[in-house]
Q: 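Below is one structure. I have some questions about it.
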There are 2 protein chains.
Amino acid sequence: MPDTLTRLPSAQPDAPVQAAHDRVYRGLRQQIMHGELPPGHALTLRGIGKAFEVSMTPAREAVRRLSAEGALTLSASGRVTTPELSNDRIEELAQIRALLEPELGSRALRRAHLALIDRMEAINESNARAVNLHDPVNYIRTNLEFHRTLYLRAQSPAILGLLETVWLQLGPTMRVLYTRLRRTTPPPYHRHILEALRAGDDAALRLAIRTDVTQGLKHLQN
Amino acid sequence: MPDTLTRLPSAQPDAPVQAAHDRVYRGLRQQIMHGELPPGHALTLRGIGKAFEVSMTPAREAVRRLSAEGALTLSASGRVTTPELSNDRIEELAQIRALLEPELGSRALRRAHLALIDRMEAINESNARAVNLHDPVNYIRTNLEFHRTLYLRAQSPAILGLLETVWLQLGPTMRVLYTRLRRTTPPPYHRHILEALRAGDDAALRLAIRTDVTQGLKHLQN
DNA sequence: CATGACGCACTGTGATCACATTTGCCCGAA
DNA sequence: TTCGGGCAAATGTGATCACAGTGCGTCATG
C-alpha cells in the first residue's frame, strides 16, 4: 500500500484524488493516443504495474478499460498488445472521422470566436515545428490538439467522446505513418480550415476538415 | 474456485471457453442494452458477483469495461449505476444514430438480397407482437435486431461497433420511453425501410432510417 | 544445417483479505 | 415535524497469492 500521503487531497482543490487505476489508465491512454507505442507492441500487467508503481490489480483495470475502447487488443489468451490495424479497418476508421469531424466542426463554427482561431493558429505553428523536427509524437499531439480545440466548441460531448476513441485506435498506426513519411511541410488543409472558420463558411469548413482527415490516412498503403 | 468442469471445452466446438469476467460482461451488457434495468439502477460488485456466482474480481472487470462503453456510470466514490441521461445527452446520442445508421443502411443496400429482407420482415413481426403485449424488453430487443440484421450486411464492423455502444447507453432510457408510451402499433417507418430496400432506393432508405431513429426518441420530453 | 519436441519462465485469471470511505438510518434536540 | 449528528453496515480499492495456460528458447535428433 502506498504512502497515505498520496491519498490526501492534492494541492489543486478541484483535482479529485485520482484512484491508482485511473492514473494508470490516463498514462497509458496518452502514450497510445500520441503514438508513443508502435502497433503490435506487447504489454504485461506486471510490467505496467511496475512502471506506475502499483500492483497488478489497477493495471488490469486500466487495460480492461482501454481494450473496451479499442486502444488495446487482447489475444485469446489475454495477452495485451497495441492494435495492428488491417487496411480495411484503417479505412473504416478514417471514414468515421470523415463522418463525425465535419459535423463537429460545423457545430463549432456557429460558436467560434477570434480567440479560438488564434489559439488554433498557435497550435498549428507548434505542429509545423514538430514536422520540421521529424517528431512524430509531438506531431500527432499537436495535430489532435488542433482538431480538439475546435471541436470542444461544438458542445457535443458524446460525439467528441466517440471521436476520441477513434483517435485512440489510430494512435499506434499514426505513429508508423508519420514516422515513415518524411515531410517538411505541415498539413496543408489546416490553413483551409482556419480560412473557412474566419470566413464563417460552413460548406468550405466541412470540406476542408473532411479532406484533412482523409488525406492524412490515404498515404497509408501497407 | 469453481468446478474444473466449467473450464473444459464446451460441447459446441467453436464456442471459446469464456472467462468468468467475459460471461459477466455479456450478461450485464444484454440486460442493459435490452432495457431490463431502469436508469439510475444501482449495482454492487458483490451483488453482481453473487448473481453470476463469481468473486468481486471478475465483476469489477466487467463493470470497468461496461463503464468504458458508457453502459454504466461510476460515481466519484466508485458506486455503479445505470446512466440517467440528460435531455441534451439523449438528443446528442439520437443525432449520432441519425448520422451513423443511414450510412450503414446505405452500405448494406448494395449487398442486400431477398433472404435478408425476408428475415427483417420476420423480425418486424416479432416486434409487432411485443408491442401488442406491451413488453418493453422484447420490443427493444427485436427493434435492435431489426436494425442490426440490416447493418451487419454493411460489412463495417468498426462503425457497427461504435453504434452498439450508443445503443448500450440508450438502453435504460429506452426502457422508460417504451414503458411510458402505450402504443399498439409497431414503428411505422420499419415498413418504409423495407420498401426502400426492395426498391433499391438509397435516398429513400437513408431518409426512412433517419426518420425511424429520430422519431422514436423525439417522444421523450422529460 | 534444419526441424521438432521438451521444459521452464512468464503471463493472465480469479479468490480472498484488509482497509478507508461512503451511505443510510436512527435517535435526539430544536 | 424537521434538522443534524453519529454510528454501523455496506461498498469500492488495491495487494497478494495460487494456479493453469502460453510461448519461447534450447537442445537433441534427423
Side-chain angles (χ1 to χ4, degrees), chain A residues 1-10 13 15-28 37 40-69 71-84, chain B residues 1-10 13-28 37 40-68 71-84:
Chain A
M1 188 65 96
D3 208 34
T4 55
L5 274 176
T6 61
R7 287 241 149 217
L8 290 179
S10 94
V17 188
Q18 49 186 350
H21 65 86
D22 208 51
R23 193 163 50 81
V24 177
Y25 166 78
R26 269 196 272 269
L28 283 179
L37 306 175
H41 182 85
L43 297 170
T44 65
L45 298 184
R46 287 171 177 86
I48 294 168
K50 187 168 291 187
F52 288 89
E53 297 183 311
V54 296
S55 78
M56 290 173 60
T57 310
R60 224 195 309 188
E61 297 189 45
V63 164
R64 202 64 71 190
R65 201 170 155 191
L66 286 164
S67 71
E69 297 177 338
L72 289 174
T73 301
L74 298 187
S75 80
S77 65
R79 299 303 229 275
V80 187
T81 59
T82 53
E84 293 184 283
Chain B
M1 187 64 94
D3 209 33
T4 54
L5 274 177
T6 62
R7 287 238 150 218
L8 290 179
S10 94
D14 58 345
V17 189
Q18 48 187 352
H21 66 85
D22 208 53
R23 191 163 50 83
V24 176
Y25 166 77
R26 269 197 272 269
L28 283 179
L37 305 175
H41 182 85
L43 297 170
T44 66
L45 298 184
R46 287 171 177 85
I48 294 168
K50 186 167 291 185
F52 288 88
E53 297 184 311
V54 295
S55 78
M56 290 173 60
T57 310
R60 223 194 312 186
E61 298 188 43
V63 163
R64 202 63 72 189
R65 200 170 156 191
L66 286 165
S67 71
L72 289 173
T73 301
L74 298 186
S75 81
S77 65
R79 299 305 229 269
V80 187
T81 58
T82 53
E84 294 184 282

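All values below were derived from every heavy atom in this structure, side-chain atoms included, with hydrogens, water molecules and symmetry-related copies excluded. All values reported here derive from a predicted model rather than from experimental measurement. The chains referred to below are lettered A, B, ... by the order of the sequence lines, with proteins before strands, and numbering in each begins at 1.
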Q: Working to the nearest 0.5 Å, report the span between CG of B:Leu66 and CG of B:Leu28.
A: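 Spacing of CG (B:Leu66) from CG (B:Leu28) equals 6.0 Å.
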Q: Return the value, rounded to whole Å, for the distance between atom CD1 of B:Ile48 and atom P of C:dG14.
A: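 Distance check: B:Ile48 CD1 to C:dG14 P gives 15 Å.
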Q: Please pick, from C:dT11, C:dT13, D:dT13, the nucleotide with the shortest atom-to-atom distance to any side-chain atom of B:Arg46.
A: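 That would be D:dT13.
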Q: Rounded to whole angstroms, how far apart are CD on B:Glu61 and P on D:dG14?
A: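 These atoms are roughly 13 Å apart.
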Q: Quick one: do B:Asp22 and B:Arg65 satisfy side chain to side chain contact (heavy atoms under 4.5 Å, CB included)? Show the steps, please.
A: CA-CA 10 Å; B:Asp22 208 53; B:Arg65 200 170 156 191; 2.8 Å; yes
Q: Let's see if you get this right: which residues in residues 73-80 of chain A place a heavy atom under 4.0 Å from DNA chain C?
A: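 Under 4.0 Å from DNA chain C: A:Ser77, A:Gly78, A:Arg79, A:Val80.
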Q: Tell me: CD of A:Glu53 to C1' of D:dA15, nearest whole Å?
A: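 Going from A:Glu53 (CD) to D:dA15 (C1'), I get 15 Å.
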Q: Between atom NE2 in B:His21 and atom P in C:dG12, what is the gap in whole Å?
A: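 Checked: the NE2 to P distance equals 12 Å.
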Q: In whole Å, I'd like the distance from the CE atom of A:Met56 to the P atom of C:dT11.
A: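 Going from A:Met56 (CE) to C:dT11 (P), I get 10 Å.
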Q: Donor-acceptor pairs under 3.5 angstrom involving side-chain atoms of residues 54-63 of chain A: please list them, not counting sequence neighbours.
A:
| residue | atom | partner | partner atom | Å |
| --- | --- | --- | --- | --- |
| A:Ser55 | OG | A:Thr57 | N | 3.3 |
| A:Arg60 | NH1 | B:Glu61 | OE2 | 3.1 |
| A:Glu61 | OE1 | B:Arg64 | NE | 2.7 |
| A:Glu61 | OE1 | B:Arg64 | NH2 | 2.5 |
| A:Glu61 | OE2 | B:Arg60 | NH1 | 3.1 |

Q: Rounded to the nearest Å, what distance is computed from the OH atom of residue B:Tyr25 to the P atom of nucleotide C:dG14?
A: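 Checked: the OH to P distance equals 15 Å.
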Q: Does a nitrogen or oxygen in the side chain of B:Thr57 sit under 4.0 Å from OP1 or OP2 of C:dG14?
A: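 B:Thr57 to C:dG14 OP1/OP2: no side-chain N or O under 4.0 Å.
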Q: Would you mind telling me which of D:dT13, C:dG12, C:dT16 lies closest to the side-chain atoms of A:Leu45?
A: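 In terms of side-chain proximity for A:Leu45, the closest of D:dT13, C:dG12, C:dT16 is C:dG12.
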Q: Output the distance between atom NE2 (A:His41) and atom CD (A:Glu84), rounded to the nearest 0.5 Å.
A: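 So the NE2 of A:His41 and the CD of A:Glu84 are separated by 12.0 Å.
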Q: Please determine, by modelled atom types, if B:Gln18 and B:Tyr25 share a side-chain donor-acceptor pair under 3.5 angstrom.
A: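 No, no side-chain donor-acceptor contact under 3.5 Å.
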Q: Would you say C:dG14 has OP1 or OP2 under 4.0 Å from some side-chain N or O of B:Arg23?
A: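 The answer is no; no side-chain N or O of B:Arg23 sits under 4.0 Å from OP1 or OP2.
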Q: D:dG14 base to B:Arg60 side chain: any donor-acceptor pair below 3.5 Å?
A: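 Counting by modelled atom types and ignoring angles, a donor-acceptor contact under 3.5 Å is found here.
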Q: Tell me what B:Leu43 touches on the nucleic acid: a base, only sugar-phosphate, or nothing, going by heavy atoms under 4.0 Å.
A: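 It contacts sugar-phosphate atoms only.
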Q: For B:Gly40, is there any backbone N or O sitting under 3.5 Å from a side-chain donor or acceptor partner on B:Thr82?
A: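 Flag set: sc B:Thr82 to bb B:Gly40 pair under 3.5 Å.
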Q: Rounded at 0.5 Å granularity, tell me how far CG in A:Leu43 sits from CD1 in A:Ile48.
A: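 Atom-to-atom, A:Leu43:CG and A:Ile48:CD1 are 4.5 Å apart.
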Q: In degrees, rounded to 10°, what is the bend between the two ends of the helix from C:dC1-D:dG30 to C:dA30-D:dT1, using five pairs at each?
A: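 That helix has its two terminal axes inclined by roughly 20°.
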Q: When the side chains of residues 73-80 of chain B are checked against the rest of the protein, which donor-acceptor pairs come out under 3.5 Å, sequence neighbours left out?
A:
| residue | atom | partner | partner atom | Å |
| --- | --- | --- | --- | --- |
| B:Ser75 | OG | B:Ser77 | N | 3.2 |
| B:Ser75 | OG | B:Ser77 | OG | 3.2 |
| B:Ser75 | OG | B:Gly78 | N | 3.4 |
| B:Ser75 | OG | B:Arg79 | N | 3.0 |

Q: Write down the atom of A:Ala68, the atom of B:Ala68, and the distance for their closest heavy-atom approach.
A: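 Scanning both residues, the minimum pair turns out to be CB-CB, 3.9 Å.
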